[in-house]
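Some notes on the structure that comes next.
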Amino acid sequence: MRLSNYLLPVTKETPADAQIVSHKLMLRAGLVRQTAAGIYAWLPLGLKVLRNIERIVREEQDKAGAVELLMPTIQSADLWRQSGRFDAYGPEMLRFVDRHDREMLYGPTNEEMITTLFRDAAKSYRDLPRTLYHIQWKFRDEVRPRFGVMRGREFLMKDAYSFDLDEAGLKKSYEAMFVAYLRTFARLGLQAVPVRAPTGPIGGDLSHEFHILADTGESALFYDAAIEDISREELLSADVSTIARLTGLYAMEEEEHAKVADCPVPPERLRTRRGIEVGHIFAFGTKYSAAMGLSVQTKDGGQVHPQMGSYGIGVSRLVGGIIEASHDESGIVWPEGVAPFAVGLINMRADDDKCAAAADSLYAKLNAAGVETLYDDRDERGGAKFATMDLIGLPWQLIVGPKGLERGVVELKNRRTGEREELSAESALARLSA
RNA sequence: CGGGGAGUGGCGCAGCCUGGUAGCGCAUCUGCUUUGGGAGCAGAGGGUCGCAGGUUCGAAUCCUGUCUCCCCGACCA
């Protein structure tokens, strides 16, 4: 993409509304614009990041055997009356009526709908187990939205729902999602700590929250330092044994930690950090299958309500979360895979024919090699281009200038480390295409 | 929802107390000079001050109402 052809409104100054670093950077780097309290428009660069996160989440859901579908954002009140949640949910649910005075709502979650859909489609134990998911916008009318996309009212969420014949099956489905989450967050370049969450009336230990460590997190966590020793490689190839290893290590939210009489972690290994909740998985059994009349026929001719679980990842929140975890004084530092473009190509002198020709040529070759490139071909000074590239945080900057060209080299800069290297255009291409 | 703060060109702000039809920085446009870390000079365009009503000869400024946004607390992917 040529920057001269793009919409990238970056700013030097920070809008007064933004408090935390991710929100400031998202506004400054032209990722989002707020349109109402807790509601954001995604500008081109922000949308690319959102789509990249979505892609990684989707790939790991698919790998875990979950099946994607897409449910609507608008739901009817009647559906929610069946589960009793229409009245129970409270003012956080956005309700309205259509022209025929039918009561509608903008979905804050989809248990009722998925259960109904599955009820009408699955009749036999042979239809189980299944895990279904979608990635869809939700609306929760938070009392006080804040922190940009971290606590918006409208947000993009991946929510998956599992259906199993019995509790043993539910446990397996739960573990499959647990593994998928570990891999997903590792691929996103994040260290996510699974924290046992209170399960409420259902009991058991089948509920975990996944927190990214960041100083601006809304929850305080207490955990065993050994959690930090688990390598990214291990998490990328996580399996059930990884769950056992992780859940064997102490990790609690402040409130729960306060209730623990004898903390099993020796003081020197007990870490206290703040965390951003980016995922939550839990098993709730037959709560919705019973309420919504979902049952399947068993082998011996009986009927059972499937055991269900649900599994959420805050996709839009992750955009902010990743920035909280990965930035410096100059701007965002995107992890590979999440970055909106892999390479930022800078032509230092747009008015110099040789420079322009060399940069144009590199741009064409990068495109041909399938390397997503943002080409700053504007007639701006080099300093302004550097500042823009640092701010938007693309992993690599490829710099073409008259000084280097005289010696037959271009410069490759790593955004994260700041390391610069001079090399031939061919070597640079080969490196970036690898 | 309780408590606090703020609405003035795209962004950041001043002006308001002590009414006299709007100013600064950034950004934008033009020209010249510059060109390896957000250039300099000169010129230009863009707002009628959240909205509604009131007081007044006259309102960004005073009064009333209203809407919106932000912050602190209780709740949440």
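On a predicted model such as this, the values are computed, not experimentally measured, just so you know. Just the heavy atoms: all of them, side chains too, but no hydrogens, waters or symmetry mates, feed the values below. Here is how names work: the chains are called A, B, and so on, in the same order as the sequence lines, proteins then strands, and each is numbered from 1.
If you measure from atom CD of E142(A) to atom C1' of rC69(B), you get 17 Å, rounded to the nearest angstrom. The NZ-P distance, from K403(A) to rG36(B), rounds to 6 Å in whole Å. Whole-Å rounding puts the R381(A) CZ to rU33(B) C1' distance at 11 Å. Atom-to-atom, CE of M389(A) to C1' of rG36(B) comes out at 15 Å; the value is rounded to the nearest Å. If you take CG of L405(A) and C1' of rG36(B), they are 12 Å apart, rounded to a whole angstrom. Atom CD in Q19(A) sits about 16 Å away from atom P in rC69(B), given to the nearest Å. Atom OH of Y106(A) and atom C1' of rA77(B) are 14 Å apart (whole Å). Distance L27(A) CG to rC11(B) P: 11 Å, rounded to the nearest Å.
Separating the P atom of rG38(B) from that of rC75(B) is a span of 48 Å, rounded to the nearest Å. Rounded to a whole angstrom, the distance from the P atom of rA74(B) to that of rG40(B) is 47 Å. Going from the C1' atom of rU35(B) to that of rC41(B) covers 16 Å, rounded to whole Å. With P as the reference atom, rG36(B) and rG43(B) are 27 Å apart, rounded to whole Å. A gap of 35 Å separates the P atoms of rG20(B) and rG3(B), to the nearest Å. Comparing rG12(B) with rA59(B), their C1' atoms sit 26 Å apart, to the nearest whole Å. Comparing the C1' positions of rC71(B) and rU64(B) gives a spacing of 27 Å, expressed to the nearest Å. The P atoms of rU48(B) and rA60(B) are separated by 12 Å, rounded to the nearest whole Å.
Remark: K12(A) is in phosphate contact with rA27(B), judged by side-chain N or O atoms under 4.0 Å from OP1 or OP2.
At a cut-off of 3.5 angstrom, the base of rG36(B) holds no donor-acceptor pair with the side chain of R407(A).
Every residue meeting the side-chain contact (heavy atoms from CB on, under 4.5 Å) condition with R146(A), not counting sequence neighbours, appears here in chain and number order: R144(A), R151(A), E218(A).
In this entry rC75(B) has no Watson-Crick or G-U wobble partner, no candidate having both defining distances under 3.5 Å. Base pairing analysis places rC69(B) opposite rG5(B); the two distances defining the Watson-Crick or G-U wobble pair are each below 3.5 Å. Across all strands shown, rU33(B) is found opposite rA39(B) as a Watson-Crick or G-U wobble partner, with both distances under 3.5 Å. Across all strands shown, rC49(B) has no partner, as no Watson-Crick or G-U wobble contact with both distances under 3.5 Å is found. Across all strands shown, rU55(B) forms no Watson-Crick or G-U wobble pair with both key distances under 3.5 Å. Pair assignment for rA60(B) gives none, since no Watson-Crick or G-U wobble pairing has each distance under 3.5 Å. With both pairing distances under 3.5 Å, rC13(B) is matched to rG23(B) as a Watson-Crick or G-U wobble pair.
Sorted by first and then second residue, the ring pair (Phe, Tyr, Trp, His ring centres under 6.0 Å) pairs involving residues 318-356 of chain A (not counting sequence neighbours) are Y6(A)-F341(A).
The shortest non-hydrogen separation linking S330(A) to D328(A) is N-OD1, 2.9 Å.
Residue G401(A) is classed as a base contact, given a heavy-atom separation below 4.0 Å to a base. Within the nucleic acid shown, D352(A) has no heavy atom closer than 4.0 Å to any nucleic acid atom. Residue-level contact check: T14(A) touches the backbone only, with heavy atoms under 4.0 Å from sugar-phosphate atoms and none from bases. Contacts of V278(A) with the nucleic acid, taken as non-hydrogen atoms under 4.0 Å apart, involve only primed sugar atoms and P, OP1 or OP2. Counting non-hydrogen atoms under 4.0 angstrom, E277(A) reaches the backbone sugars and phosphates but no base. As judged by a 4.0 angstrom heavy-atom cut-off over every strand, L318(A) is placed among residues making no nucleic acid contact. Among the atoms of the strands shown, base atoms are found under 4.0 Å from some heavy atom of G404(A). Among the atoms of the strands shown, only primed sugar atoms or phosphate atoms (P, OP1, OP2) are found under 4.0 Å from some heavy atom of G383(A). Using a 4.0 Å heavy-atom criterion, one finds that G418(A) contacts no nucleic acid atom at all. Residue-level contact check: M157(A) touches the backbone only, with heavy atoms under 4.0 Å from sugar-phosphate atoms and none from bases.
For the 3.5 Å distance criterion, the side chains of D360(A) and Y375(A) qualify, holding a donor opposite an acceptor.
The aromatic rings of H257(A) and Y250(A) lie perpendicular to each other, with more than 60° between the two planes, well past the 30° mark.
For K63(A), the NZ atom is densely surrounded, since the number of other residues' heavy atoms within 6.0 Å is greater than 12.
Checked by atom type and distance alone, the side chain of R232(A) pairs as donor or acceptor with a backbone atom of A186(A) at under 3.5 Å. Judged by distance alone, the side chain of Y161(A) and the main-chain N or O of N110(A) form a donor-acceptor pair under 3.5 Å.
Nearer the 5' end of RNA chain B, as judged by each residue's closest nucleotide, is the contact made by D379(A), out of D379(A) and R153(A). When the nearest nucleotides of RNA chain B are assigned to S330(A) and E380(A) by heavy-atom distance, the more 5′-ward of the two goes with E380(A).
Contacts between residues 30-68 of chain A and RNA chain B, defined by a heavy-atom separation under 4.0 Å, are made by Q34(A), A36(A), A37(A).
Minimum atom distance to the side chain of P402(A) is reached by rG36(B), of the listed rG36(B), rA77(B), rA74(B). In this structure, of rC75(B), rG38(B), rA77(B), it is rG38(B) that holds the atom nearest to the side chain of A387(A). Proximity note for V143(A) (side chain, C-beta onward) versus rA74(B), rC13(B), rG38(B): the nearest is rA74(B). Comparing rA74(B), rC13(B), rG38(B) against the side chain of V10(A) picks out rG38(B) as the nearest. Listed nucleotides rU35(B), rA74(B), rC69(B) differ in distance to D17(A); the shortest reach to its side chain belongs to rC69(B).
By the 5.5 angstrom centroid cut-off and the 30-degree plane limit, F155(A) is classified as stacked against the base of rA77(B).
Judged by the 6.0 Å and 45° rule, R95(A) forms a cation-pi pair with F86(A).
Aromatic rings from H305(A) and Y288(A) are positioned such that their centres are separated by 6.0 Å or more.
Put simply, the side chain of I313(A) does not reach to within 4.5 Å of the side chain of V278(A), judged on heavy atoms.
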